[in-house]
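See below for the structure under consideration.
Computed from a predicted model, the values in this text were never measured in an experiment. All residue numbers in this chain count up from 1 along the given sequence.
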Amino acid sequence: MSALPRPAVGPGSRYTARAATSRARPAGRYTDVAALARRLTGRDVWLVRMLHEHQVLTTHQIVRLAYGSLRSAQRRLRTLHQHAVLDSFRPLTVSGSAPEHYTLGPVGAALLAAQGGCEPAAVGWRPTHTGRIAYSPWLGHDIGVNELLTHLAARTRTTPEAGLDLWLSERSCARRWGDIIRPDTYAHWLDGGLLLPFFLEYDTGSQPLARVEAKLAGYAALATTTGTRPALLIHTRTASRDQTLRRRLAPATHELGLHIATSSADYTTASPHGPWWTPLEPTGHRTTLADLAAHWPGLTPAGGLAPTDADTTLTLPVPPLPPAIEAGP
């Protein structure tokens with residue numbers, strides 16, 4: 001798989017591919033899991049699971065999901081970093097500075113292993129874990145996906161009747177449907193009693209249009225083999241890329257009977273739930289995610305979501321929000 005170039009705008013646009021700085025951890029603060037048992041809150045444990053699931057989240061994304069203020073989040077994240085529950089790095093940028101990026105730390109990985117009753121190796125964490133993410137050419141892409149989904153998940157904090165009920169990472173999607181499709185995420189958007197189950201393809205413009213079009217056959221095959229029909233949302237880097245992609249995909253979309261809507265970073269910004277998504281139909285116009293659910297009443301959640309005997313605490317979905325927005329640190 002070829003490396004994705006950095007997008008020209010939006011999350012990841014200014015990241016250099018050559019260097020990243022890591023925050024030093026004070027000597028003597030490395031703590032084992034048993035010593036942390038009485039110190040970790042439910043929100044801390046949830047964050048550890050989220051970083052295992054989604055690999056990397058910025059400070060602002062974590063604040064959006066789980067904290068009431070930036071200052072309280074920074075204070076708590078600093079403590080978790082000092083105890084090696086989390087690792088972090090800050091990518092170098094062409095200008096300005098990037099936010100702190102958090103990943104799973106060694107003690108966080110040991111915590112997950114203890115909860116899952118397995119060896120730390122089963123968690124998939126290695127000493128090079130954070131370095132691989134920090135220098136990954138896909139970092140901007142991954143942060144962009146998480147930026148969209150954290151905005152959607154956090155909607156519940158201001159509008160209780162709207163938000164994400166389910167959010168699966170690319171790895172979780174591959175585990176369930178990797179022999180047919182490999183989307184960037186799968187999620188359930190709830191709004192006013194309407195459900196929009198959707199796959200997301202986060203298009204940075206690096207792939208030829210023909211390759212994007214070729215993915216549609218997999219989504220059609222999934223609908224045929226499982227008898228389920230989620231929507232497919234395609235988010236592009238710019239409005240011009242969006243229009244070009246729409247012209248290319250329209251014939252195949254109609255032929256395969258797929259429900260596809262597109263948008264771009266020129267519109268979604270901080271409110272991806274808003275009226276920025278255009279169904280891939282001749283008369284389609286920009287609309288909200290809730291209106292897409294109403295427009296496509298035949299949508300159903302994807303198959304393969306029910307837990308099986310092969311699932312463990314490491315493979316079950318993580319709630320998009322912590323169990324409670326806790327007061328305190």
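When every heavy atom of Ala187 is checked against every heavy atom of Leu149, the shortest pair comes out as CB-CD1, 4.0 Å. Taking all atoms of both residues into account, the shortest heavy-atom contact from Leu51 to Leu104 is CB-N, 4.1 Å. Taking both residues in full, the closest heavy atoms of Ala302 and Trp177 are given as CB-CZ2, 3.7 Å, listed atom of the first, atom of the second, then distance. Here the closest non-hydrogen pair linking Ala121 and Arg126 is O-NH1, 3.7 Å. Across all their heavy atoms, Ser88 and His81 have their closest contact at OG-CD2, 3.5 Å. Considering all non-hydrogen atoms of both residues, His151 and Ala270 come closest at ND1-O, 3.3 Å.
The aromatic rings of His235 and Tyr202 lie parallel to each other, their planes meeting at an angle below 30°, with 60° marking the opposite boundary. Between Trp167 and His54, the ring planes are parallel. Angles under 30° get that label, and only those over 60° would be called perpendicular.
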**Message:** Applying side chain to side chain donor-acceptor pair (under 3.5 Å) to Arg176 and Tyr186, what does each step give before you reach the verdict?
**Reply:** CA-CA 11 Å; Arg176 289 169 170 80; Tyr186 174 77; over 6 Å; no
**Request:** Step by step, work out the side chain to side chain contact (heavy atoms under 4.5 Å, CB included) result for Ile143 and Leu139.
**Result:** CA-CA 6 Å; Ile143 288 295; Leu139 177 61; 3.9 Å; yes
**Request:** Might you work through the salt bridge (Lys or Arg N to Asp or Glu O under 4.0 Å) test for Arg64 and Glu147, ending with a clear yes or no?
**Result:** CA-CA 10 Å; Arg64 196 174 296 142; Glu147 185 75 4; 3.3 Å; yes
**Request:** Go through the steps to decide whether Gln55 and His101 satisfy the test side chain to side chain contact (heavy atoms under 4.5 Å, CB included), and finish with yes or no.
**Result:** CA-CA 10 Å; Gln55 299 293 290; His101 288 48; over 6 Å; no
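Between the side chain of Trp276 and the backbone N or O of Ser271, at least one donor-acceptor pair lies under 3.5 Å. Thr236 contributes a side-chain N or O that, together with a main-chain N or O of Ser263, makes up a donor-acceptor pair within less than 3.5 Å. Side-chain atoms of Thr300 come within 3.5 Å of backbone atoms of Arg229 as a donor-acceptor pair (strictly under, hydrogens ignored). A donor-acceptor contact shorter than 3.5 Å links the side chain of Ser264 to the backbone of Asp266. Checked by atom type and distance alone, the side chain of Asn146 never pairs as donor or acceptor with a backbone atom of Gln61 at under 3.5 Å. At distances below 3.5 Å, at least one donor-acceptor pair connects side-chain atoms of Thr308 with backbone N or O atoms of Ala310.
Here CG of Leu196 is found 12.0 Å from NE2 of His295. Values are rounded to the nearest 0.5 Å. To the nearest 0.5 Å, atom CZ of residue Arg157 and atom CG of residue Leu65 are 8.0 Å apart. Between Ile62 atom CD1 and Gln74 atom CD the span is 10.5 Å, to the nearest 0.5 Å. Taking CG of Asp191 as the reference point, atom CZ of Arg155 lies at 7.5 Å (rounded to 0.5 Å). Taking CG of Asp44 as the reference point, atom CG of Leu80 lies at 4.5 Å (rounded to 0.5 Å). Atom CG of Leu289 is separated from atom CG of Leu233 by 6.5 Å, given to the nearest 0.5 angstrom.
At a cut-off of 3.5 Å, with distance as the only test, no side-chain donor of Thr79 or Arg76 sits close to an acceptor on the other residue.
Residues Leu222 and Leu249 share a hydrophobic cluster, clusters being chains of Ile/Leu/Val/Met/Phe/Trp/Tyr side chains in contact below 4.5 Å. Under the 4.5 Å side-chain heavy-atom criterion for Ile, Leu, Val, Met, Phe, Trp and Tyr, Leu195 and Trp296 are members of distinct hydrophobic clusters. Side-chain heavy atoms closer than 4.5 Å link hydrophobic residues (I, L, V, M, F, W, Y) into clusters, and following such links, even through other members, never connects Leu194 to Trp277. Under the 4.5 Å side-chain heavy-atom criterion for grouping Ile, Leu, Val, Met, Phe, Trp and Tyr, Leu148 is connected to Leu321 within one hydrophobic cluster. Phe199 and Trp189 fall into different hydrophobic clusters, where Ile, Leu, Val, Met, Phe, Trp and Tyr side chains are chained together by heavy-atom contacts under 4.5 Å.
Applying the side-chain hydrogen bond (donor to acceptor under 3.5 Å, both in side chains) test to residues at least two apart or on different chains, the pairs with a partner in residues 218-228 are Glu201-Tyr219, Thr226-Thr228.
Screening Leu305, Leu166, Asp311 for a side chain to side chain contact (heavy atoms under 4.5 Å, CB included) with Pro317, the sole residue that qualifies is Leu166.
No side-chain heavy atom of Thr287 sits less than 4.5 Å from a side-chain heavy atom of Pro275. Looking at Ser169 and Thr185, their side chains never come closer than 4.5 Å, going by heavy atoms from C-beta outward.
The side chain to side chain donor-acceptor pair (under 3.5 Å) search around Thr103 returns Thr130, not counting sequence neighbours.
Of the charged side-chain nitrogens involved, none lies within less than 4.0 Å of a carboxylate oxygen, so that Glu281 and Arg246 do not count as a salt-bridged pair. Of the charged side-chain nitrogens involved, at least one lies within less than 4.0 Å of a carboxylate oxygen, so that Asp203 and Arg241 count as a salt-bridged pair.
Judged by the 6.0 Å distance and 45° axis criteria, Arg75 is not positioned over the aromatic ring of Tyr67.
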